[in-house]
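Scope of the values below: all heavy atoms of this structure, side chains included, with no hydrogens, waters or symmetry mates. Keep in mind that this is a model prediction, so the values were computed, not measured. Heads up: numbering here begins at 1 and tracks the sequence.
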Amino acid sequence: MNEEQQVTQSKHTQQYSNDGKNVEIDIYRTEDSGWILEIVDENNNSTLWEDAFENEDDALAEALDALKEEGIDNFIQPAE
């Protein structure tokens with residue numbers, strides 16, 4: 001028996017743009033997880049953080065810090 005878990009999308013999920021490039025900051029959780037952070041590029045490639053966050057504000061802060069420090073290009077991969 002395969003039960004689907006309920007996924008809760010964060011109010012902080014949003015598009016992020018810089019230098020004419022776009023990614024989506026996706027923050028969500030399931031019934032039995034903390035907040036999960038994923039950055040998805042325009043080619044549907046994703047960067048997923050291994051550790052969950054205690055709250056959605058911390059997840060958003062981490063995403064914005066990473067995008068600022070590492071640059072948006074580090075989160076965009078070629079289409080496969």
Student: What are the two closest non-hydrogen atoms of Gln9 and Trp35, and how far apart are they?
Tutor: C-CZ3, 4.4 Å
Student: Write down the atom of Lys21, the atom of Ile76, and the distance for their closest heavy-atom approach.
Tutor: CB-CD1, 3.7 Å
Student: Quick one, Gln14 and Glu24 - any side-chain contact, counting heavy atoms below 4.5 Å?
Tutor: no
Student: I need the minimum non-hydrogen distance between Ala63 and Ile25, along with the two atoms involved.
Tutor: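 Looking at all heavy atoms of both residues, the shortest contact is CB-CG2, 3.7 Å.
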Student: Walk me through whether Tyr28 and Glu38 qualify under side-chain hydrogen bond (donor to acceptor under 3.5 Å, both in side chains).
Tutor: CA-CA 9 Å; Tyr28 56 92; Glu38 185 174 12; 3.1 Å; yes
Student: For atom CD of Gln15, is the number of surrounding heavy atoms from other residues, nucleotides or ligands below 6.0 Å larger than 12?
Tutor: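 Yes, CD of Gln15 has more than 12 neighbouring heavy atoms, counting only those of other groups under 6.0 Å.
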Student: Do you know the tightest heavy-atom contact between Gln6 and Glu31?
Tutor: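 Shortest heavy-atom separation between Gln6 and Glu31 comes out as CB-OE2, 3.1 Å.
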Student: Could you give the distance from CG (Asn74) to CD (Glu69), rounded to the nearest 0.5 Å?
Tutor: 11.5 Å
Student: State, with a plain yes or no, whether a side-chain heavy atom of Ile39 is found less than 4.5 Å away from one of Tyr16.
Tutor: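 No - every pair of side-chain heavy atoms lies 4.5 Å or more apart.
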Student: Can you get from Leu60 to Ile72 by hopping between Ile, Leu, Val, Met, Phe, Trp and Tyr side chains that sit under 4.5 Å apart?
Tutor: yes
Student: Treating Asp41 as the side-chain partner and Val23 as the backbone partner, does any N or O pair qualify as donor plus acceptor under 3.5 Å?
Tutor: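 No; judged by distance alone, with no hydrogens or angles, the pair does not exist.
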Student: Please report the C-alpha distance between Thr30 and Ser33 in whole Å, then the side-chain angles of each, then the deciding distance to 0.1 Å, and finally whether the side-chain hydrogen bond (donor to acceptor under 3.5 Å, both in side chains) criterion is met.
Tutor: CA-CA 5 Å; Thr30 62; Ser33 76; 3.1 Å; yes
Student: What are the two closest heavy atoms between Leu48 and Leu37, and how far apart are they?
Tutor: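 Between these two residues, the closest heavy atoms are CD1-O, 3.5 Å.
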Student: Exactly one of Thr8, Asn55, Val7 should register a side chain to side chain contact (heavy atoms under 4.5 Å, CB included) with Arg29. Which one does?
Tutor: Thr8
Student: Return the CG to CD distance between Asn44 and Gln77, rounded to the nearest 0.5 Å.
Tutor: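 The CG atom of Asn44 sits 12.5 Å away from the CD atom of Gln77.
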Student: Just wondering, do Trp49 and Ile36 contact through their side chains at under 4.5 Å, heavy atoms?
Tutor: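 They are not in side-chain contact.
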Student: Would the distance check show the side chain of Asn18 and the main-chain N or O of Gly71 forming a donor-acceptor pair, the cut-off being under 3.5 Å?
Tutor: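 No, Asn18 side chain to Gly71 backbone: no donor-acceptor pair under 3.5 Å.
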Student: Would you indicate whether Asp65, at its atom CG, is surrounded by more than 12 heavy atoms from other residues, nucleotides or ligands within a distance under 6.0 Å?
Tutor: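 Counting other residues, nucleotides and ligands, CG of Asp65 exceeds 12 neighbours.
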Student: Among Ile, Leu, Val, Met, Phe, Trp and Tyr joined by side-chain contacts under 4.5 Å, find the other residues sharing a cluster with Val40 and list them by chain and number.
Tutor: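 Grouped by the 4.5 Å side-chain rule, Val40 forms a cluster of one, so the answer is none.
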